Amino acid sequence: MPVVRGLLRLPMAALRVLRSFLCRMLPAPGAAPCAYLDPRSGAQYPLEPPRWCAQTAEGPVPLMLTPLQGLTRHQIDRSERSIWRYAAAFPLACAHPISLGEGCTPLLARRVASGTLVHFKCEWFNPTCSFKDRGTSVMLSLLRQQGVREVLEDSSGNGGASVAAYAAAGGLVATIMVSVTVHGPPWYLINPCSRTAVPQMSVVVSHVSHHAI
């Protein structure tokens, strides 16, 4: 078979990339497609078109996702050094994710004064120094793939910094609502993403009071 003979001639690195791609794109056998889920009624809605709520007699109800299948060890893309090495477990395949190399942070084992062995997951090695970069990368990547171009985020600091940075990296317009008390590192990251570092992305920062949030 010509195709098989051609595959056998590929270098091992190319075969690993091909296997990773197939594991990412092909659903697990018997896996039901992911859908939006109304946790109150159990009603489900397809992921297209994108929606954030279900309209009910009591008003809008935020939606969740139906349980996902997870992934096997062989579905992990070990050639990818970011959260996207686990893309096979995400609700949608994404051809062009917004990634800044989030994830893969060090796990250090240290003994504390009592002698207990403690493992420290050093999440400050993420691009905006927060574990929230993991979720932000997946969320904004899938929203952009669905045609969303503007996002709104209310934050006490780290979340807004993460969304501002990833929105700027992905060419999205983000409005970040923060408390008037936000200062320090989160604000120093939000502010440059809006006015100085990536001005062409038009990231807007709005100061609002605690009561408005």
Side-chain angles (χ1 to χ4, degrees), residues 12-13 15-24 28 31 34 39 62 64-94 97-143 151 153-170 174 176-194 197-198 203 205 210 213:
M12 187 58 64
L15 288 175
R16 284 198 295 267
V17 172
L18 178 60
R19 184 189 68 177
S20 170
F21 174 81
L22 292 175
C23 288
R24 182 184 298 184
C34 184
M64 302 176 66
L65 292 176
T66 54
L68 300 174
Q69 294 293 316
L71 77 168
T72 66
R73 183 183 298 271
H74 297 295
Q75 289 176 297
I76 298 174
D77 183 358
R78 300 182 185 279
S79 67
E80 177 65 44
R81 187 169 177 78
S82 77
I83 192 67
W84 290 90
R85 62 180 10 214
Y86 307 114
F90 297 163
L92 289 174
C94 185
I98 305 170
S99 177
L100 298 174
E102 61 291 324
C104 298
T105 54
L107 181 66
L108 303 181
R110 293 291 185 273
R111 291 196 181 276
V112 296
S114 65
T116 303
L117 182 64
V118 179
H119 290 81
F120 296 90
K121 186 65 170 167
C122 304
E123 288 294 85
W124 59 84
F125 280 92
N126 278 303
T128 73
C129 304
S130 171
F131 72 94
K132 295 184 179 181
D133 290 346
R134 300 169 182 266
T136 298
S137 174
V138 176
M139 174 181 70
L140 293 188
S141 295
L142 299 185
L143 287 176
V151 295
E153 166 79 1
D154 66 277
S155 172
S156 61
N158 289 347
S162 182
V163 171
Y166 278 79
I176 312 298
M177 298 190 300
V178 298
S179 167
V180 293
T181 62
V182 170
H183 62 281
W187 172 249
Y188 298 148
L189 179 57
I190 294 173
N191 198 35
C193 282
S194 66
V198 200
V203 180
V205 179
H210 284 294
I213 296 178

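Treat the numbers as computed from the prediction; the structure is a model and nothing was measured. Residues take their numbers from the sequence shown, with the count starting at 1.
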_Go through it in stages, so that I can follow the logic: the residues are Ile76 and Tyr86, the test is side chain to side chain contact (heavy atoms under 4.5 Å, CB included), and I'd like the CA-CA distance, side-chain angles, deciding distance and then a yes or no._
CA-CA 5 Å; Ile76 298 174; Tyr86 307 114; 3.9 Å; yes
*What is the distance from atom CD of Glu80 to atom SG of Cys104, rounded to the nearest 0.5 Å?*
8.0 Å
*Applying ring-ring contact (aromatic ring centres under 6.0 Å, His included), name anything that partners Phe90, two or more places apart in sequence or on another chain.*
Trp84
_Exam field: side chain Asn126 to backbone Gly103, donor-acceptor pair closer than 3.5 Å_ = yes
*asked:* Checking the side chain of Ser141 only, and the main-chain atoms of Ser137 only, is there a donor and an acceptor separated by less than 3.5 Å?
replied: yes
_Going by the rule side-chain contact (heavy atoms from CB on, under 4.5 Å), which residues pair with Arg111 if we only count those two or more places apart in sequence or in a different chain?_
Leu117
_Contacts of type side-chain hydrogen bond (donor to acceptor under 3.5 Å, both in side chains), residue Ser130, not counting sequence neighbours_ = none
*Applying side-chain contact (heavy atoms from CB on, under 4.5 Å), name anything that partners Leu68, two or more places apart in sequence or on another chain.*
Cys34, Pro91
*Return the minimal non-hydrogen interatomic distance between Gly160 and Ile176, and the atom names on each side.*
CA-CG2, 3.7 Å
*For Ala113, enumerate each residue passing the side-chain contact (heavy atoms from CB on, under 4.5 Å) test, keeping only those at least two apart in sequence or located in another chain.*
none
*Considering all heavy atoms, the nearest Val118-Val112 contact*: CG2-CG1, 3.8 Å
_Give me the atom names and distance for the closest heavy-atom approach of Val163 to Leu140._
O-CD1, 3.9 Å
_Within this structure, what is the OG1-CD distance for the pair Thr136 and Glu153, rounded to the nearest 0.5 Å?_
7.0 Å
*asked:* Using modelled atom types and a 3.5 Å cut-off, is there a donor and acceptor pairing between side-chain atoms of Asp77 and backbone atoms of Ser79?
replied: yes
_I'd like to know whether Ser99 forms a side chain to side chain contact (heavy atoms under 4.5 Å, CB included) with Ile83, so could you lay out the CA-CA distance, the side-chain angles of the two residues, the decisive distance to 0.1 Å, and finally the verdict._
CA-CA 8 Å; Ser99 177; Ile83 192 67; 5.6 Å; no
_Suppose the criterion is salt bridge (charged side-chain N to carboxylate O under 4.0 Å, His left out): which pairs have a residue in residues 115-134, not counting sequence neighbours?_
Glu123-Arg134
*Separation of Tyr166 OH from Thr128 OG1 (nearest 0.5 Å)*: 6.5 Å
_Which atom of Met64 lies closest to which atom of Pro39, heavy atoms considered_ = SD-CB, 3.8 Å
*Decide side chain to side chain contact (heavy atoms under 4.5 Å, CB included) for Ser162 and Glu102; before the verdict, give the C-alpha distance in whole Å, the side-chain angles of both, and the deciding distance to 0.1 Å.*
CA-CA 11 Å; Ser162 182; Glu102 61 291 324; over 6 Å; no
